[in-house]
Each structure stands twice: as C-alpha cells, then as structure tokens.
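To keep things clear, I will list the structure first and then write my remarks on it.
Keep in mind that the numbers below use all heavy atoms, side chains included, and drop hydrogens, waters and symmetry copies.
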Amino acid sequence: MATSWYKLESTAVIGLVGGISKFWLKCLNSLRCYNMETLEQLAEHRPLATPLVTVSNHHSCLDDPMLWGMMKMRILLDNRKIRWTLGAKELLFSKPFHSFFFSRGKIIPIMRGEGVYQKGMDFAIEELNSGQWVHVFPEAGIIEDHSLVRLKWGVGRLIAESSVTPVVLPFWHVGMDDILPNKTPYIPTIMKRVTVLIGEPMYFDDILKDFKRRRLNAMETRKNITDCIQERFKELKEEAEKLHEKWR
C-alpha cells in the first residue's frame, strides 16, 4: 500500500511540476531542442530491462525540473518512465516537507564530498538494475566555466557497476541561466531563449569488456568511462553554443 501511495504522490508531484515547467519553458520563454526524438525513444521504447543514464551540464538551479518541460506530458505522467536524478542532500532534504516533496520528485539524496560509495549511489544502481532511467549532472554543481571542470567519477560507477550496462545519452543546454540568473534575487524571468542539443547514445559494453581484458581496477574503469563522457560533452558544448548563437 505504501508503494502504491508513493507512486500516486510521485505522479502528482512530477505531473504538476512538469506541467508548470513546460508552460514556463515553452510558453513564457522559447525552446529549441535538437534530436529530441532520440531521448523520447529511449525514455519510452528501450528494452524493458535496459537502464538509461542521461548526463548534462548544470548551469542553473532550475535545470531540474524545468528542462524536463521539454518532455511530452505522457512521459512526465508515467512514473515508470520518468527519470530519477541525484540531488544534494544538504540542500533538498534538510526539512521534513522538503524531503517529502523532493523524494516524490524522484530525487535521490547525495552528500557532496562523500565520494562514489554512499547510499544514494547504491540506490541509483539498484534502480538502474531494474531498468530505470537515472539522470546525472556529472559536474556535481552549477558551473559557470565548464572548460575548467572535470566530471565527477560517480557517473562512471553507475555505468560500470550496473548489472546490465546502461545506454548513456549526453545532452548540452544553453540559456537556462538567462531564465534563472545565478545571482540574487533568483527570480525566474521570461522571454529568454533555451537551446538543448541531445547527443547520440553511447554504448559501453565493448569498452567495459576491453577494460576487463586489460585488468583495469574499479577506479581506473570509472575514470576512463567518465573521460569518454567528458570528451563527448566538449563536442556537444561547442555545437550547442553555435546553434544558440545562430538563433537571433
């Protein structure tokens, strides 16, 4: 019964917040999303036991949930298909109501600075093992200058230690910090432009087999997986920024 109530509450929270996000992102602002069909296809139609890990840059406090306003409502309202995501425990789970609300938003509490081996990461792997979708901001915080940041290795652990290797889908967005500037008074604005570039899926099965053949340890494996994602991020960032600049 508790599980049924949780699903009902979660569907209500995600549906409400997702609807508001969709209105704010698409009606009060302007969104251009490239290759969206790839994300929708993986969210709705990937094989039942195949987990999905999406990764993106983190540029505003509103990245989650507002970016998910780009999804169709039928996905936002399907608790089995919408993403889990990692969130800072000290910020999002500091009060009972916050804990209730954000847990129903399918946010997994993570203690920043406690490394890749913690309960939240274990829970995320459990969800991946059941074929769920987990979204990660691998920069582990809001970043102004992405060229100076190395991605955290936690995403590498999620991919390496899942019982079925996840499909990994990277994307890059530009303009969310215009909707919510990273400075006081932190009031969302309107009539801004947001560009989202969805990349192509990344498959790590062969790479993991190669790492195993070369007898890389867990730390080396996590690092190498994360490095692959970082290289893809660089490509997506450059292309997304060009697309955003052309949109005048």
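Pairing each heavy atom of Pro166 with each of Val53, the nearest pair is CB-CG2, 3.7 Å. Nearest heavy-atom pair, Thr54 versus Trp133, reported as atom, atom and distance to 0.1 Å: OG1-NE1, 2.8 Å. The shortest non-hydrogen separation linking Pro138 to Val155 is CB-CG1, 4.2 Å. Contact between Leu77 and Gly15 at its shortest, heavy atoms only, is CD2-CA, 3.6 Å. The two atoms that bring Tyr117 and Ala218 nearest to each other are OH-CB, 4.3 Å, heavy atoms only. A pairwise comparison of heavy atoms in Leu67 and Phe171 identifies CD1-CE1, 4.4 Å as the closest pair.
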| query | So Lys234 and Glu238, salt bridge (charged side-chain N to carboxylate O under 4.0 Å, His left out) or not? Walk me through it. | reply | CA-CA 6 Å; Lys234 291 178 182 177; Glu238 182 177 347; over 6 Å; no
| message | side-chain contact (heavy atoms from CB on, under 4.5 Å) for Ile229 and Phe204? Distances and angles first, verdict last. | response | CA-CA 11 Å; Ile229 294 171; Phe204 285 90; 4.1 Å; yes
| field | Derivation and outcome, salt bridge (charged side-chain N to carboxylate O under 4.0 Å, His left out), residues Lys72 and Glu44 | value | CA-CA 11 Å; Lys72 293 177 179 176; Glu44 291 193 281; 5.4 Å; no
| said: One pair to check against side-chain contact (heavy atoms from CB on, under 4.5 Å): Asn129 and Val164. What are the steps and the verdict? | reply: CA-CA 7 Å; Asn129 288 342; Val164 175; over 6 Å; no
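Here Trp84 contributes atom CH2 and Leu52 contributes atom CG; the two are 15.0 Å apart, rounded to the nearest 0.5 Å. Taken to the nearest 0.5 Å, the CZ atom of Arg83 stands 13.0 Å off from the CD1 atom of Ile75. Summarising the geometry, atom CG belonging to Leu16 is positioned 11.5 Å from atom CG belonging to Leu76; distances are rounded to the nearest 0.5 Å. To the nearest 0.5 Å, the span separating CG on Asp227 from CD on Glu220 amounts to 11.5 Å. One finds the CD1 atom of Ile108 at 6.5 Å from the CD atom of Glu127 (value rounded to the nearest 0.5 Å). Atoms CZ and OG, on Arg80 and Ser130 in that order, are 12.5 Å from each other to the nearest 0.5 Å.
Leu42 and Leu128 fall into different hydrophobic clusters, where Ile, Leu, Val, Met, Phe, Trp and Tyr side chains are chained together by heavy-atom contacts under 4.5 Å. Hydrophobic clustering of Ile, Leu, Val, Met, Phe, Trp and Tyr side chains at less than 4.5 Å, counting indirect connections, keeps Phe97 apart from Ile14. No single ILVMFWY cluster, assembled from side-chain heavy atoms under 4.5 Å apart, contains both Leu243 and Val196. Transitive grouping of hydrophobic side chains (ILVMFWY, heavy atoms separated by less than 4.5 Å) brings Val167 and Met36 into a common cluster. Cluster annotation: Phe23 is connected to Leu25 through the hydrophobic network of ILVMFWY side chains, with a link wherever side-chain heavy atoms come within less than 4.5 Å.
Arg214 has a carboxylate O that lies under 4.0 Å from a charged side-chain N of Asp210, or vice versa, which qualifies the two as a salt bridge. In this structure, Arg232 pairs ionically with Glu235, as a charged nitrogen and a carboxylate oxygen lie closer than 4.0 Å. No salt bridge links Glu139 with Lys152; every basic N to acidic carboxylate O contact stays at or beyond 4.0 Å. A salt bridge links Asp122 to Arg157: one of the charged nitrogens lies within less than 4.0 Å of a carboxylate oxygen. Salt-bridge formation is detected for the pair Lys237/Glu241: a Lys NZ or Arg NE/NH1/NH2 atom is positioned less than 4.0 Å from an Asp or Glu carboxylate oxygen.
A donor-acceptor pair is defined here as one N or O able to donate and one able to accept, closer than 3.5 Å; no such pair exists between the side chain of Tyr34 and the backbone of Ala240. Checked by atom type and distance alone, the side chain of Thr226 pairs as donor or acceptor with a backbone atom of Arg222 at under 3.5 Å. Side chain of Asn35 to backbone of Gly199: a donor-acceptor contact under 3.5 angstrom is found. Under a 3.5 Å cut-off, the side chain of Asn79 and the backbone N or O of Leu8 do not form any donor-acceptor pair. Remark: the backbone N or O of Met111 is paired with a side-chain donor or acceptor of Gln118 at under 3.5 angstrom. No donor-acceptor pair under 3.5 Å is formed between the side chain of Lys89 and the backbone N or O of Pro109. When atom types are taken as modelled, the side chain of Arg193 and the backbone of Trp247 share a donor-acceptor pair closer than 3.5 angstrom. Within the 3.5 Å criterion, the main-chain N or O of Asn57 finds a donor-acceptor partner in the side chain of His173. Not one N or O on the side chain of Lys106 forms a donor-acceptor pair closer than 3.5 Å with the backbone of Ser10.
The closest side-chain heavy-atom distance from Leu158 to Val136 is below 4.5 Å. Contact annotation: the side chain of Asp63 approaches that of His58 to within less than 4.5 Å [non-hydrogen atoms, C-beta and beyond]. A heavy-atom distance below 4.5 Å is found between the side chains of Pro170 and Phe233. Counting heavy atoms from C-beta on, the side chains of Thr189 and Asp178 never come closer than 4.5 Å. By the 4.5 Å heavy-atom criterion applied to side chains, Pro188 and Leu62 are counted as neighbours. Between Ile107 and Phe93 the shortest side-chain heavy-atom distance falls below 4.5 Å. Thr221 has its side chain out of reach of Glu161: every pair of non-hydrogen atoms, C-beta onward, lies at least 4.5 Å apart. When side chains are defined from C-beta on, Met121 counts as touching Leu86, because their heavy atoms get closer than 4.5 Å.
Side chain to side chain, Ser56 and Trp172 fail the donor-acceptor criterion of an N or O pair below 3.5 Å. Remark: the His244 side chain and the Thr195 side chain contain an N/O donor-acceptor pair separated by less than 3.5 Å.
Aromatic rings from Phe137 and His59 are positioned such that their centres are separated by 6.0 Å or more. No close placement of the Trp24 and Trp68 rings is indicated, their centers lying 6.0 Å or farther apart.
If you run side chain to side chain contact (heavy atoms under 4.5 Å, CB included) between Lys192 and each of Asp177, Leu31, Leu180, Ile179, only Ile179 comes through.
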